[in-house]
Each structure stands twice: as structure tokens, then as C-alpha cells.
Amino acid sequence: MNQTNKGSALIIGGGIAGLCSAYYLLKDGWKVTLLDSGDLRDNCSYGNAGMLVPSHFTPLAAPGIVAQGIKWMFNSKSPFYVRPSLSTHLISWGFKFIKHANAAHVKRTAPSIRDLNLLSSHLYDEMAEGEDFAFELQHKGILMLYKTEKMVEEEIHLAETARSLGLDVETLSKEGVQQLEPNVKLDVLGAVHYRCDGHLYPQALMAQLIAYIRKKGAIIHEHTAVTGFEYDQEKLQAVIAGGQKFNADKFVMTGGAWLPEIAKRAGLRIPLMPGKGYSFMYKPTEHQLVHPSLLLEARVAVTPMNNHIRFGGTMELGALNNSINMNRVQGIVEAIPQYYPDLKVALPEKKDVWFGFRPCSPDGLPYLGYSKRLKNLIIAGGGGMMGLSLGPAYGKVVSELANEQLSSADIAQFSPERFT
Ligand SMILES: Cc1cc2nc3c(=O)[nH]c(=O)nc-3n(C[C@H](O)[C@H](O)[C@H](O)COP(=O)(O)OP(=O)(O)OC[C@H]3O[C@@H](n4cnc5c(N)ncnc54)[C@H](O)[C@@H]3O)c2cc1C
């Protein structure tokens, strides 16, 4: 590795965004320090569905989502919930979300999201070739399974858009999709197979990234929450964390769903809403799945990994709290046999349910780029439902920006201060 004197970089947050930033900065010769408020054994980057999703070119703020979301709010097992609150933060985020939930926004932003995801997928391939990595990266695509005529219509339309964006997508009949999953009976009308997508085992990826950056010289401070900043009109001078002061030449702010409160301490406004989701692992005895899938009507993600199947879902927008709503987990469990009648999955015990907070921006786009005001601060986050997928692209672009190089991706639409 090339430890030239590029300077020092301080990264806030050890989720996929922070770890991938460390990975590329170290490769480019930076001296890296990483701070995290936790112990790096759990955050949103661990229990997610592990899908790499160029297919998700439609941002969360897509047409129809508002009306659907309001309907779902009245069903305790539904996959979507907004915690009613008079919080000005939620109201302001909600107005911005509604403003962007339209076809023109999707059309304008889909190519940049696609490109960032494709870049990231390619970078995952490169990373997986390294001897320090074995995180079950596979490119079998994702099956978007549907059961209703309404969903067939919507998905076929979306698949046409995907094709027009150059993505590798195939529409499959009921028989066609069953052929791809010979071990498990399917009860669906068909599927769209996003062959451009991939999947991996997040726990292995995260552990290997941490080991790699330590090996390459990164200094990691666990249980060191950032509580303040020293800055002038133009630059960050220091980060205050765990009662210490940390100086650096460049600062990288990640922090997942906590990004707004961290940014606020530096005088920046970055709107984000935590979108809580749940997942659990299931050990199949005989019905081994070959492909990951999304059970579209139920909004449930299904991913084979580590000889198990991970089921995940729900989006509870609102507060950062540690409560587990078993009704919503029950909603996930009940959806499974509707698509896979052979899979008899019992409700997991509460202790076996994982939850994490997706960092959801109001326009569904990530935040990636330099702060306009604090010229030595780079921000990476807001990946929402595709934050794992975007990890290496975040890291690569962060390092290119730190090096004052042209970035591999067009990040004009991802400006971190676009709402100020
Ligand atoms: C059920 C579920 C399924 C998902 N499936 C997928 C999927 O299939 N594909 C996909 O691409 N994405 C998926 N996601 C989304 C993805 O997991 C997230 O977008 C991504 O992990 C966010 O990464 P991050 O690094 O931005 O944040 P995180 O992983 O949350 O990391 C943030 C870190 O910042 C630290 N931190 C917080 N405050 C401070 C502070 N004050 N000082 C220092 N450190 C601090 C935290 O401790 C944490 O370690 C899913 C999410 C959920 C919930």
C-alpha cells in the first residue's frame, strides 16, 4: 500500500459508508482515523438484506408512494408506517418528500442513481478479488415476484424503463421463474428478473472491512461519539469526541440515520428520517433458495446467505428508538407462504429479530460531496434502502474528492446541502 504523505483524514461513523471511505482513503495513501459511537458490531449495515441494487433506480420518493403509504398506516402488520408526530423535523421532511414524489423527479434522477449503483457493483467485484475478502458476493440477480395483476402491470412498465436505462432485465412467466427456483414451490403470477443485481453477506463484509482497514493502519476509536466541532467560516478545525479533540486535514462525515444530528453540531442542515426495518435469519432444512427476491405486494426482502435465508422488511419512519413491533415482524412472516407455500417459517423470538435505521433523505437520493461552507468536509450518507449497495461508490468518490480529483460518478444531484 502506498502510505505517501497525502495527509490525515478523520471519518465519523463506522457503517458501510465510513468503512468504505476508510478503505479507499487508505489505498490512496491517507492516514485514517475513524470514530464511532458504538462498538462496530452492529449498525444498519449488518442486518440488512444484502442486495446490490442497480434495479432501485426509482428513488423512495416515487409516484404513488404517498397514497399507498397513507393506506398502509392503518394496518398494524403493514410494511410501511409513519409515526404520527407534531415534530417540526418530521413535518418538514414530509413536505419535501411529497414535493419529490412525482414522475418528473424519477425521470430526472434515475440515471445518476443507476450509475452510482453500477459503479458500486463493479467496485464490490474488485474488492471481492482481494485476498482479505470473502463475503459471498454473487451475481444471480434479484427476482421481483408478483401475485396481483395490478403489480404485473406496474412491474412490467418499470422493467421497460429499466431496459431503456440499459439494465439487464428479463420478464419471466410463472413457469419461467419456477425453473430458476427448482427447490421451492412458488405461488406467483411471474417475476421480473433484474439480472443486473447481486447480493452478499453483510456480516462477513463488515468484519472483513474492519480487519482490512486495521491491518492497513487505520486507527479506530470505538465508543467515541462525536459531540461537537470546532470550525471557522470556511473550514472544520477539529472534532470533539469522547472528551478528546481530533484534528485532521480532511473530515468525512457519515453516521447513517444520525447524520442530521451530527451535521447540526457543525452548523449544517441535512434532512434525514430514520426508516426502521426488521430482519431475521431462517435455516431451511430442504428448500434451498437460489435467488434473492422481493415479494412485491408485501414489500418483503428474501436473501439466501450464510446457509440461511434472511427475511427483512417494513419501513417505520419516525423516531430513533429500540422498540421492536412484533406485529410488523408477524406481517413479514405471514407474507412468506403466500409466495413460497412450502416455506413454513415460524415467528422468530423477539431476541432473534434484528432492527436497523435506514437513513432516508426526503428526495430518495444519497448525500455525497463536499460541504459548500466547510471546505475540508466531505459528507456521505442518506442511502436509504440502497445504502449497502452504494458503499464502495461512496468510498471511492470520497477518496477522489479528498485527492481533489475528478470523481468517477456524476454527483451533481447528490449535493449534501441541496435543501439549504
Ligand atoms: C431491513 C433492512 C434491509 C435493508 N436491505 C438493504 C439491501 O438489501 N441493500 C442495500 O443496499 N441497503 C439495504 N438497507 C439499507 C442499508 O442497510 C443502509 O442504507 C446502510 O447500511 C446505511 O449505512 P451507513 O454507513 O450510512 O449507516 P450505518 O450503517 O447506520 O452506520 C452509521 C454509524 O454511525 C455511527 N454514529 C452515529 N452517531 C455517531 C456519532 N455521534 N459519533 C460517531 N459515530 C456515530 C453509528 O454507531 C453507526 O455505526 C436495508 C436496511 C434495512 C433496515
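Everything numeric in this text was worked out from a predicted model, so none of it was measured.
- For the atom pair Lys396 NZ and Leu25 CG, the distance stands at 11.0 Å (nearest 0.5 Å).
- Checked by atom type, the side-chain pair Gln237/Asn247 shows no donor-acceptor distance below 3.5 Å.
- Leu294 places none of its side-chain heavy atoms less than 4.5 Å from the side chain of Leu143.
- Ion pairing between a basic and an acidic side chain is recognised when a charged N comes within 4.0 Å of a carboxylate O; Asp197 and Lys140 show no such pairing.
- Because its NZ or CZ atom is not both nearer than 6.0 Å to the ring centre of Phe357 and within 45° of the ring axis, Lys276 does not count as a cation-pi partner of that residue.
- In Met385, the CE atom is not crowded: 12 or fewer heavy atoms of neighbouring residues, nucleotides or ligands sit closer than 6.0 Å.
- The minimum heavy-atom distance between Leu368 and Ala380, with the atom names listed, is CD1-CB, 3.9 Å.
- The ring-ring contact (aromatic ring centres under 6.0 Å, His included) analysis of residues 298-340, with sequence neighbours excluded, yields the pairs Phe280-Phe311.
- Heavy-atom contacts from other residues, nucleotides or ligands closer than 6.0 Å to NZ of Lys283 number more than 12.
- No hydrogens or angles considered: a donor-acceptor pair under 3.5 Å links the side chains of Gln330 and Glu334.
- Donor-acceptor pairing under 3.5 Å is recorded for the side chains of Trp30 and Asn403.
- With hydrogens and angles ignored, the 3.5 Å screen pairs a side-chain donor or acceptor of Ser361 with a backbone N or O of Leu365.
- The side-chain heavy atoms of Glu400 and Leu406, taken from C-beta on, include no pair separated by under 4.5 Å.
- When atom types are taken as modelled, the side chain of Tyr394 and the backbone of Gly383 share a donor-acceptor pair closer than 3.5 angstrom.
- Inspection of the Gln413 and Thr109 side chains reveals no N or O donor paired with an N or O acceptor under 3.5 Å.
- Atom NZ of Lys245 is surrounded by 12 or fewer heavy atoms from other residues, nucleotides or ligands within 6.0 Å.
- The aromatic rings of Tyr212 and Tyr23 sit tilted relative to each other, their planes meeting at an angle between 30° and 60°.
- A donor-acceptor pair under 3.5 Å links the side-chain atoms of Thr254 to the main chain of Ile12, judged by distance alone.
- Looking at heavy atoms from C-beta onward, Pro348 lies in side-chain contact with Val333 at the 4.5 angstrom threshold.
- No side-chain donor-acceptor contact under 3.5 Å links Thr303 to the backbone of Gly50.
- Side chains of His122 and Glu126: a donor on one and an acceptor on the other come within 3.5 Å.
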Side chain to side chain contact (heavy atoms under 4.5 Å, CB included) evaluation trace for Val397 with Leu401 | CA-CA 6 Å; Val397 170; Leu401 291 174; 3.9 Å; yes
List the steps and the verdict of side chain to side chain contact (heavy atoms under 4.5 Å, CB included) for Val329 and Leu347.
-> CA-CA 7 Å; Val329 182; Leu347 183 69; 4.0 Å; yes
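- Taking both residues in full, the closest heavy atoms of Asn43 and Gly14 are given as ND2-O, 3.2 Å, listed atom of the first, atom of the second, then distance.
- Contact between Gly364 and Ile113 at its shortest, heavy atoms only, is O-CD1, 4.4 Å.
- Here Glu234 does not pair with Arg373 in a salt bridge; the nearest charged N to carboxylate O distance is not below 4.0 Å.
- With Asp363 as the partner, the salt bridge (Lys or Arg N to Asp or Glu O under 4.0 Å) test is satisfied by one option alone out of Lys96, Arg108, Arg418: Arg418.
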Chi angles and distances behind the side chain to side chain contact (heavy atoms under 4.5 Å, CB included) call for Leu295, Gln338 | CA-CA 9 Å; Leu295 316 183; Gln338 292 171 27; over 6 Å; no
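- One finds no salt bridge joining Glu417 and Arg269 here, because no Lys/Arg side-chain nitrogen approaches an Asp/Glu carboxylate oxygen to under 4.0 Å.
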Go through Cys360 and Trp93 one step at a time and tell me if the side chain to side chain contact (heavy atoms under 4.5 Å, CB included) criterion holds.
-> CA-CA 10 Å; Cys360 300; Trp93 185 94; 4.1 Å; yes
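- With no hydrogens or angles considered, no side-chain donor-acceptor pair links Glu154 and Tyr146 at under 3.5 Å.
- Residues meeting the salt bridge (charged side-chain N to carboxylate O under 4.0 Å, His left out) test with Arg214, sequence neighbours left out: Glu222.
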Could you go through the salt bridge (charged side-chain N to carboxylate O under 4.0 Å, His left out) check for Glu170 and Arg163 one step at a time?
-> CA-CA 9 Å; Glu170 190 182 10; Arg163 262 184 228 107; over 6 Å; no
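- Two rings, from His291 and His193, have their centers less than 6.0 Å apart.
- A salt bridge does not link Arg265 with Glu261: none of the charged nitrogens is closer than 4.0 Å to a carboxylate oxygen.
- Atoms CZ and CG, on Phe229 and Leu377 in that order, are 7.0 Å from each other to the nearest 0.5 Å.
- For the 3.5 Å distance criterion, the side chains of Asp28 and Ser399 qualify, holding a donor opposite an acceptor.
- Heavy atoms from other residues, nucleotides or ligands lying under 6.0 Å from NZ of Lys264 number 12 at most.
- Side-chain contact between Leu19 and Leu34: present, with at least one pair of heavy atoms (C-beta onward) separated by less than 4.5 Å.
- Shown here is Glu404, whose CD atom has more than 12 heavy atoms of other residues, nucleotides or ligands within 6.0 Å.
- Crowding of Lys235 atom NZ: a count of heavy atoms from other residues, nucleotides or ligands under 6.0 Å not exceeding 12.
- A 4.5 Å side-chain heavy-atom check between Leu259 and Met253 finds at least one atom pair inside the cut-off.
- Taking all atoms of both residues into account, the shortest heavy-atom contact from Pro362 to Tyr367 is CD-OH, 3.6 Å.
- The residues Lys215 and Asp132 are annotated as salt-bridged, a charged nitrogen and a carboxylate oxygen being separated by less than 4.0 angstrom.
- The shortest distance between side-chain heavy atoms of Met386 and Ser120 does not fall below 4.5 Å.
- A donor-acceptor pair shorter than 3.5 Å can be found between the side chains of Arg310 and Gln203.
- A 4.5 Å side-chain heavy-atom check between Leu388 and Leu205 finds at least one atom pair inside the cut-off.
- Within the 4.5 Å cutoff, side-chain heavy atoms of Met273 are placed close to those of His89.
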